[in-house]
Amino acid sequence: MLSQTILKSEVIVMKIGFIGIGLMGGPLARNLIRAGKDVYFFARNKEHIEKTLSAGSTGKLVNSTKDLSDCDILFTCLPLPQTVKSVMIENDGLLNHMKPNSVYIDTSTIDPQTAEEIETYAKQKGIHYLGCTLGLGPAQAELAQEPIFAGGNKEIFEQYKDILNIIGSPVYYLGGVKQAYAFKIISNMVGMTNLAVLAEGIHLAQHAGIDEKQFLELLSYTGGDSNQLHRRGPSIIEKDFANRFAVDLTLKDLTLGCDMAKKMNYTAQFTEKARDFYKQAKEEGYGKEDCCAVYKVLK
């Protein structure tokens, strides 16, 4: 049964914790700070720390993740499923120390199976868990324009939706945590496979003697139009491969997607082929560059 605090029509948040203030998590934490929320965060990267502290006086750095155990809400935004499990469950993780009826909100990209394992563990500890995956990139996150796809207990989602609306918008409820994480992985499978096809198309346009800028402009009027065309097409022709979402992370997400598909007795044929190209990009030394660097291996 939910506590009286949870059942109130308006949740009064005393303390918010945040672990993972990198390219994606940092903007989310800063949005909360800009809104005047008390945000206690743990990080080691000096640049990330300074940038987050500069967002406002209500942001505070802590010395250890254990210092976040008394938070009313704890956010994580971490790179790998195993990282999330290590921080939250294993090695005497935070779910073993958080207050009963506190809320754990994860914004990482992890597989549905891991999410359900975390949900079960959190429930055993009397902690509410929401999986809130993110739809776009760091630039949108910084502007609080990051689409959020949430899963978990519907009542808890409704109680904390106002907090989610601070870190991003629009906010959608998909059902269970399985649906939220599956949607995120599938969207990345579609987007990154599309990006590989776009990179191939740009190469073909070059071979055909079509002006690159005109190619991107005219493609937008056809069935070849896409989010990646507008988001990363210009970066490719301008040879701008600065990291906005790295090849390494793309390869991780596509691997999660292919593995998820296999567990569902489905073969994700196009994603598996696209993954090979991103794997090649990593092997050729482009792992820390933006995912549009896949263009470099499609010669």
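The figures here come from the full heavy-atom set of this structure, side chains too, leaving out hydrogens, waters and symmetry mates.
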Student: Can you run down the salt bridge (Lys or Arg N to Asp or Glu O under 4.0 Å) pairs that involve residues 125-151, sequence neighbours left out, and say none if there aren't any?
Tutor: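 Those involving residues 125-151 are Arg30-Glu142, Arg34-Glu142.
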
Student: What heavy-atom pair brings Leu229 and Gly224 nearest, and what distance separates the two atoms?
Tutor: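 That would be CD2-O, 4.3 Å.
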
Student: Are Ile73 and Leu78 co-members of a hydrophobic cluster defined by side-chain heavy atoms under 4.5 Å apart?
Tutor: no

Student: Hey, does Ile185 have a side-chain heavy atom less than 4.5 Å from the side chain of Asp253?
Tutor: no

Student: Looking at Leu251, is its backbone amide N or carbonyl O close enough to the side chain of Thr255 to form a donor-acceptor pair, meaning the two atoms are under 3.5 Å apart?
Tutor: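 Between the backbone of Leu251 and the side chain of Thr255 there is a qualifying donor-acceptor contact (under 3.5 Å).
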
Student: Is there a donor-acceptor pair under 3.5 Å between the side chain of Asn96 and the backbone N or O of Ile89?
Tutor: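 Yes; judged by distance alone, with no hydrogens or angles, the pair exists.
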
Student: Please say which of Phe42, Tyr104, Phe75 ends up in a ring pair (Phe, Tyr, Trp, His ring centres under 6.0 Å) with Phe18.
Tutor: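 For Phe18, the ring pair (Phe, Tyr, Trp, His ring centres under 6.0 Å) test succeeds with only one of Phe42, Tyr104, Phe75, which is Phe75.
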
Student: Which heavy atom of Ala281 sits nearest a heavy atom of Val294, and at what distance?
Tutor: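 In terms of heavy atoms, the two residues are closest at CB-CA, 4.5 Å.
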
Student: Would you call Lys288-Asp248 a salt bridge at under 4.0 Å N-O?
Tutor: yes

Student: Nearest heavy-atom pair of Leu254 and Ala274: which atoms, and what distance?
Tutor: CD1-C, 4.4 Å

Student: Quick check for you: to the nearest 0.5 Å, what is the distance between Glu47 atom CD and Thr52 atom OG1?
Tutor: 10.0 Å

Student: Verify side-chain contact (heavy atoms from CB on, under 4.5 Å) between Val197 and Gln228, making sure each step is shown before the conclusion.
Tutor: CA-CA 10 Å; Val197 173; Gln228 294 292 5; over 6 Å; no

Student: Shared ILVMFWY cluster between Leu80 and Leu256, side chains joined below 4.5 angstrom?
Tutor: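 Different hydrophobic clusters.
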
Student: Find out whether Arg232 and Leu195 are in side-chain contact, i.e. whether some heavy atom of one side chain is under 4.5 Å from a heavy atom of the other.
Tutor: yes

Student: Any heavy-atom pair between the side chains of Asn243 and Leu23 that's under 4.5 Å?
Tutor: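 With C-beta onward as the side chain, the pair touches.
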
Student: Is the side chain of Thr133 donor-acceptor paired with the backbone N or O of Ala180 at a distance under 3.5 Å, no angle test?
Tutor: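 Checking the backbone N and O of Ala180 against the side chain of Thr133, a donor-acceptor pair under 3.5 Å is found.
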
Student: I'd like to know if the side chain of Asp72 reaches the main chain of Ser102, judged simply by a donor and an acceptor atom lying under 3.5 Å from each other, with no hydrogens or angles considered.
Tutor: no

Student: What distance separates Asp92 CG from His97 NE2, expressed to the nearest 0.5 Å?
Tutor: 3.0 Å

Student: If you look at every heavy atom in Ala261 and Ala268, which pair is closest and at what distance?
Tutor: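 What the structure gives for the nearest pair is CB-CB, 4.0 Å.
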
Student: Side-chain contact test, heavy atoms from C-beta onward, threshold under 4.5 Å: evaluate it for Phe241 versus Cys292 and give yes or no.
Tutor: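 Side chain of Phe241 against side chain of Cys292, heavy atoms only: contact under 4.5 Å found.
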
Student: What's the spacing between Met192 CE and Thr271 OG1 if we round to 0.5 Å?
Tutor: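 One gets 11.5 Å once the value is rounded to the nearest 0.5 Å.
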
Student: Any salt bridge (Lys or Arg N to Asp or Glu O under 4.0 Å) involving residues 105-124? Give me the pairs, sequence neighbours left out, ordered by first then second residue.
Tutor: Lys85-Glu117

Student: Looking at NZ of Lys51 and NE2 of His48, how far apart are the two atoms once the value is rounded to the nearest 0.5 Å?
Tutor: 7.5 Å

Student: Looking at residues at least two apart in the chain, or sitting in another chain, which of them share a side-chain hydrogen bond (donor to acceptor under 3.5 Å, both in side chains) with Tyr286?
Tutor: none

Student: Looking at residues at least two apart in the chain, or sitting in another chain, which of them share a ring-ring contact (aromatic ring centres under 6.0 Å, His included) with Phe215?
Tutor: none

Student: Report yes if some heavy atom in the side chain of Thr107 is under 4.5 Å from a heavy atom in the side chain of Met24; otherwise report no.
Tutor: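 Thr107 does not reach Met24 side chain to side chain.
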
Student: Applying side-chain contact (heavy atoms from CB on, under 4.5 Å), can you list everything that pairs with Glu238, at least two apart in sequence or on another chain?
Tutor: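 With sequence neighbours excluded, Glu238 shows a side-chain contact (heavy atoms from CB on, under 4.5 Å) to Pro234, given in chain and number order.
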
Student: Do Lys15's NZ or CZ and the ring of Tyr40 fall within the cation-pi criteria of under 6.0 Å and 45°?
Tutor: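 That pair qualifies as a cation-pi contact.
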
Student: Taking it one step at a time, do Leu94 and Leu74 satisfy side-chain contact (heavy atoms from CB on, under 4.5 Å)?
Tutor: CA-CA 10 Å; Leu94 271 177; Leu74 176 71; 3.7 Å; yes

Student: Go through the steps for Thr109 and Leu249 under the test side-chain contact (heavy atoms from CB on, under 4.5 Å), then give the verdict.
Tutor: CA-CA 10 Å; Thr109 300; Leu249 289 177; over 6 Å; no

Student: With no hydrogens and no angle check, do the side chains of Ser86 and Asn91 hold a donor and an acceptor under 3.5 Å apart?
Tutor: yes

Student: Give the minimum heavy-atom separation between Tyr278 and Cys291, together with the two atoms involved.
Tutor: CE2-O, 3.5 Å

Student: Compare all side-chain heavy atoms of Ile105 with those of Leu164 and state whether any distance is below 4.5 angstrom.
Tutor: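 Yes - at least one pair of side-chain heavy atoms lies under 4.5 Å apart.
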
Student: Do any N or O atoms from the side chain of Asn31 and from the backbone of Ile167 form a donor-acceptor pair under 3.5 angstrom?
Tutor: yes

Student: In the single-linkage hydrophobic clustering (I, L, V, M, F, W, Y; side-chain heavy atoms under 4.5 Å), do Val247 and Phe277 co-cluster?
Tutor: no

Student: Could you tell me whether a side-chain N or O of Thr76 sits under 3.5 Å from a main-chain N or O of Ile19, the two making a donor and an acceptor?
Tutor: no

Student: Heavy atoms, side chains only, cut-off 4.5 Å: are Arg231 and Arg244 in contact?
Tutor: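 Not touching, per the 4.5 Å side-chain cut-off.
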
Student: Please identify each residue that fulfils ring-ring contact (aromatic ring centres under 6.0 Å, His included) with Tyr295, with sequence neighbours left out.
Tutor: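 Per chain and number, Tyr295 pairs via ring-ring contact (aromatic ring centres under 6.0 Å, His included) with His203.
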
Student: Applying side-chain contact (heavy atoms from CB on, under 4.5 Å), run through Gln124 and Thr120 and close with a yes or a no.
Tutor: CA-CA 6 Å; Gln124 291 171 351; Thr120 298; 3.8 Å; yes

Student: Is there side-chain contact between Glu284 and Lys296, with at least one heavy-atom pair below 4.5 Å?
Tutor: no

Student: Is a donor on one side and an acceptor on the other found under 3.5 Å between the side chain of Gln179 and the backbone of Gly176?
Tutor: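 The answer is yes, because a donor-acceptor pair under 3.5 Å joins these two groups.
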
